[in-house]
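A quick write-up on the structure given underneath.
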Amino acid sequence: MATDGKGGVLLDSLKIAQLVDFQWRLGIMMSSDNCANLNTPYITLALTIKEANGELNKCCMEMSISEFQKFHQELKEISSTLATM
C-alpha cells in the first residue's frame, strides 16, 4: 500500500466514488391526505455519483430544512477531514 511519507495512505490509491453533479430545489408542501394545510418547506436533492468503476448513478432525495442543514454540516465535516489527508 502506498503512503504519503507521513504514515498516511495516498488518496490516489483509494477506489472511492466521486460526486460529479449536485442539483437542489426548494419546495413547499401545501397539503396532504391527512392535513389540509401544511405549508412545510422541503429540499429536493439530485446527486450524480461516479462510482470507482466509472459508472454514473443518480440519487434523488427529499428532506426537511432541518435535515438538510444537518446533511450540509456533515458534508462540511467530511470535506474538512479529506482536506487533511
Side-chain angles (χ1 to χ4, degrees):
M1 188 176 297
T3 63
D4 62 5
K6 300 175 190 173
V9 176
L10 290 174
L11 288 177
D12 292 341
S13 66
L14 298 175
K15 302 240 186 248
I16 57 175
Q18 181 180 28
L19 180 63
V20 293
D21 190 27
F22 179 97
Q23 296 181 9
W24 62 276
R25 183 179 66 206
L26 176 64
I28 301 286
M29 188 177 305
M30 302 302 288
S31 65
S32 73
D33 293 339
N34 299 328
C35 186
N37 189 14
L38 289 174
N39 294 328
T40 305
Y42 65 91
I43 303 284
T44 301
L45 300 177
L47 310 175
T48 304
I49 299 166
K50 183 177 181 181
E51 302 294 340
N53 65 4
E55 181 180 335
L56 291 178
N57 289 317
K58 294 192 182 226
C59 176
C60 294
M61 61 188 89
E62 209 170 85
M63 57 185 75
S64 68
I65 298 297
S66 62
E67 290 171 326
F68 177 74
Q69 288 171 333
K70 182 178 178 186
F71 178 72
H72 179 252
Q73 182 61 36
E74 290 171 353
L75 287 178
K76 284 174 38 177
E77 290 170 9
I78 290 168
S79 177
S80 176
T81 300
L82 289 174
T84 64
M85 298 181 133

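Keep in mind the model is a prediction, meaning the values are calculated, not measured. All residue numbers refer to positions in the sequence shown, counting from 1.
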Only pairs under 3.5 Å count here: list side-chain donor-acceptor contacts from residues 78-85, not counting sequence neighbours, and write none if there are none.
{"residue": "Thr81", "atom": "OG1", "partner": "Glu77", "partner atom": "O", "Å": "3.0"}
{"residue": "Thr84", "atom": "OG1", "partner": "Thr81", "partner atom": "O", "Å": "2.6"}

Inset, instruction - Using the test side-chain hydrogen bond (donor to acceptor under 3.5 Å, both in side chains), find all partners of Asn57 that sit at least two apart in sequence or belong to another chain. - result: Glu51

Legend entry - Contacts of Gln18 that satisfy side-chain hydrogen bond (donor to acceptor under 3.5 Å, both in side chains) - sequence neighbours left out: none

Inset, instruction - For Thr44, check side chain to side chain contact (heavy atoms under 4.5 Å, CB included) against everything at least two apart and list the hits. - result: Arg25, Tyr42, Glu62

Inset, instruction - Name all residues meeting the side chain to side chain contact (heavy atoms under 4.5 Å, CB included) criterion together with Lys70; count only those two or more places apart in sequence or in a different chain, and write none if there are none. - result: Glu74

Inset, instruction - Taking the side chain as every heavy atom from C-beta outward, state whether Leu56 and Val20 have any pair of such atoms under 4.5 Å apart. - result: yes

Inset, instruction - To the nearest 0.5 Å, tell me how far Cys59 SG sits from Ile49 CD1. - result: 5.5 Å

Legend entry - Qualifying residues under side chain to side chain contact (heavy atoms under 4.5 Å, CB included), relative to Lys58, sequence neighbours excluded: Thr48

Legend entry - Ile65: partners by side chain to side chain contact (heavy atoms under 4.5 Å, CB included), with sequence neighbours left out: Leu26, Pro41, Ile43, Gln69

Inset, instruction - Could you check if a side-chain atom of Leu19 sits within less than 4.5 angstrom of a side-chain atom of Leu47, using non-hydrogen atoms only? - result: yes

